[in-house]
Amino acid sequence: QVQLVESGGGLVQAGDSLRLSCAVSGRTFSITVMGWFRQAPGKEREFVSLITWRGGTTYYADSVKGRFTISRDSAKNTVSLQMNSLKPEDTAVYYCQGVIWDKLLSRELVYWGQGTQVTVSS
């Protein structure tokens with residue numbers, strides 16, 4: 001079973017920075033894409049950013065472009081999200097998502113982390 005475990009959330013003030021991390025563990029697998037989504041209270045889950053594992057190509061939602069940076073550590077199977085210039089509207093539960101090829105099942109599956117709370121006060 002592949003698991004995604006997030007860390008790094010917390011309570012900060014507007015303008016501060018936070019760094020989220022997500023570690024992938026489990027049986028034999030290879031990562032295709034890793035990404036971050038977020039869900040604010042009363043809203044649907046929305047895309048934040050993603051990175052392709054092989055080429056390192058990155059994509060961002062317009063709302064975070066220029067403030068957030070996604071990166072990967074292939075050796076540690078870890079993806080991080082550096083969040084700068086945080087705004088109150090960034091407050092949400094942040095979820096790590098992985099599109100992962102399970103070598104034993106010979107299938108590509110989507111996995112989610114448990115979520116980590118980010119709260120930005122004004």
Side-chain angles (χ1 to χ4, degrees):
Q1 183 73 19
V2 176
Q3 289 186 320
L4 278 61
V5 179
E6 299 127 338
S7 60
L11 171 63
V12 297
Q13 293 186 334
D16 286 349
S17 298
L18 271 178
R19 186 177 181 86
L20 305 182
S21 292
C22 175
V24 184
S25 65
R27 59 188 185 189
T28 307
F29 61 89
S30 62
I31 299 172
T32 303
V33 173
M34 293 293 296
W36 291 93
F37 288 71
R38 67 187 182 186
Q39 187 167 18
K43 296 187 177 181
E44 294 187 351
R45 191 173 297 188
E46 65 175 5
F47 167 77
V48 175
S49 180
L50 70 82
I51 185 167
T52 63
W53 210 249
R54 180 170 294 181
T57 303
T58 59
Y59 300 87
Y60 297 94
D62 287 343
S63 58
V64 306
K65 204 170 292 184
R67 300 188 298 121
F68 291 10
T69 302
I70 191 170
S71 61
R72 74 194 190 298
D73 184 333
S74 299
K76 296 181 179 179
N77 290 321
T78 300
V79 63
S80 297
L81 185 68
Q82 178 66 41
M83 305 185 294
N84 298 330
S85 301
L86 283 162
K87 304 175 181 179
E89 50 263 43
D90 294 318
T91 295
V93 178
Y94 283 70
Y95 296 91
C96 175
Q97 183 206 62
V99 180
I100 295 171
W101 178 260
D102 188 312
K103 295 182 180 179
L104 294 181
L105 295 178
S106 295
R107 293 176 60 189
E108 189 170 77
L109 300 171
V110 177
Y111 293 91
W112 291 90
Q114 79 283 1
T116 185
Q117 177 70 46
V118 172
T119 303
V120 185
S121 63
S122 56

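Being a predicted model, the structure only gives us computed values, none of them experimental.
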Would [X] and [Y] show up in the same hydrophobic cluster when neighbours are defined by side-chain heavy atoms closer than 4.5 Å?
{"X": "Leu109", "Y": "Trp112", "result": "no"}
{"X": "Val33", "Y": "Leu81", "result": "no"}
{"X": "Val24", "Y": "Leu105", "result": "yes"}
{"X": "Val64", "Y": "Val12", "result": "yes"}
{"X": "Tyr95", "Y": "Val118", "result": "no"}

Heavy-atom count check: over 12 atoms from other residues, nucleotides or ligands less than 6.0 Å from Glu46 CD?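 For Glu46, atom CD is crowded (more than 12 foreign heavy atoms under 6.0 Å).
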Is the number of heavy atoms from other residues, nucleotides or ligands under 6.0 Å of Lys65 NZ greater than 12? yes
Heavy-atom side-chain contact between [X] and [Y] under 4.5 Å:
{"X": "Thr69", "Y": "Tyr60", "result": "yes"}
{"X": "Tyr94", "Y": "Thr116", "result": "yes"}
{"X": "Phe37", "Y": "Val93", "result": "no"}
{"X": "Val79", "Y": "Trp36", "result": "yes"}
{"X": "Leu4", "Y": "Met34", "result": "yes"}
{"X": "Met83", "Y": "Leu20", "result": "yes"}
{"X": "Gln117", "Y": "Thr91", "result": "yes"}
{"X": "Tyr111", "Y": "Ile31", "result": "no"}

Would you say [X]'s side chain and [Y]'s backbone share a donor-acceptor pair under 3.5 angstrom?
{"X": "Ser85", "Y": "Gly15", "answer": "no"}
{"X": "Thr57", "Y": "Thr52", "answer": "no"}
{"X": "Gln97", "Y": "Val110", "answer": "no"}

Test side chain to side chain contact (heavy atoms under 4.5 Å, CB included) on Val120 and Lys87 and set out the steps. CA-CA 6 Å; Val120 185; Lys87 304 175 181 179; 5.5 Å; no
What closest approach, in Å, do [X] and [Y] show between heavy atoms, and which atom pair accounts for it?
{"X": "Ser74", "Y": "Trp53", "value": "OG-NE1, 3.8 Å"}
{"X": "Ile100", "Y": "Phe29", "value": "CG2-CB, 3.6 Å"}
{"X": "Gly55", "Y": "Arg72", "value": "C-NH2, 4.1 Å"}
{"X": "Glu6", "Y": "Gly113", "value": "OE2-CA, 3.4 Å"}

Going through the distances and angles, do Asp90 and Arg38 end up as a side chain to side chain contact (heavy atoms under 4.5 Å, CB included)? CA-CA 9 Å; Asp90 294 318; Arg38 67 187 182 186; 2.9 Å; yes
Interatomic spacing from [atom1] in [X] to [atom2] in [Y] - rounded to 0.5 Å:
{"X": "Arg67", "Y": "Ser17", "atom1": "CZ", "atom2": "OG", "answer": "10.0 Å"}
{"X": "Asp16", "Y": "Ser121", "atom1": "CG", "atom2": "OG", "answer": "8.0 Å"}
{"X": "Thr119", "Y": "Gln13", "atom1": "OG1", "atom2": "CD", "answer": "12.5 Å"}

Start with the C-alpha distance between Gln82 and Ser71, add both sets of side-chain angles, then the distance that settles side chain to side chain contact (heavy atoms under 4.5 Å, CB included), and finish with yes or no. CA-CA 8 Å; Gln82 178 66 41; Ser71 61; over 6 Å; no
Evaluate Leu18 against Leu86 for side chain to side chain contact (heavy atoms under 4.5 Å, CB included), listing each step before the verdict. CA-CA 8 Å; Leu18 271 178; Leu86 283 162; 4.0 Å; yes
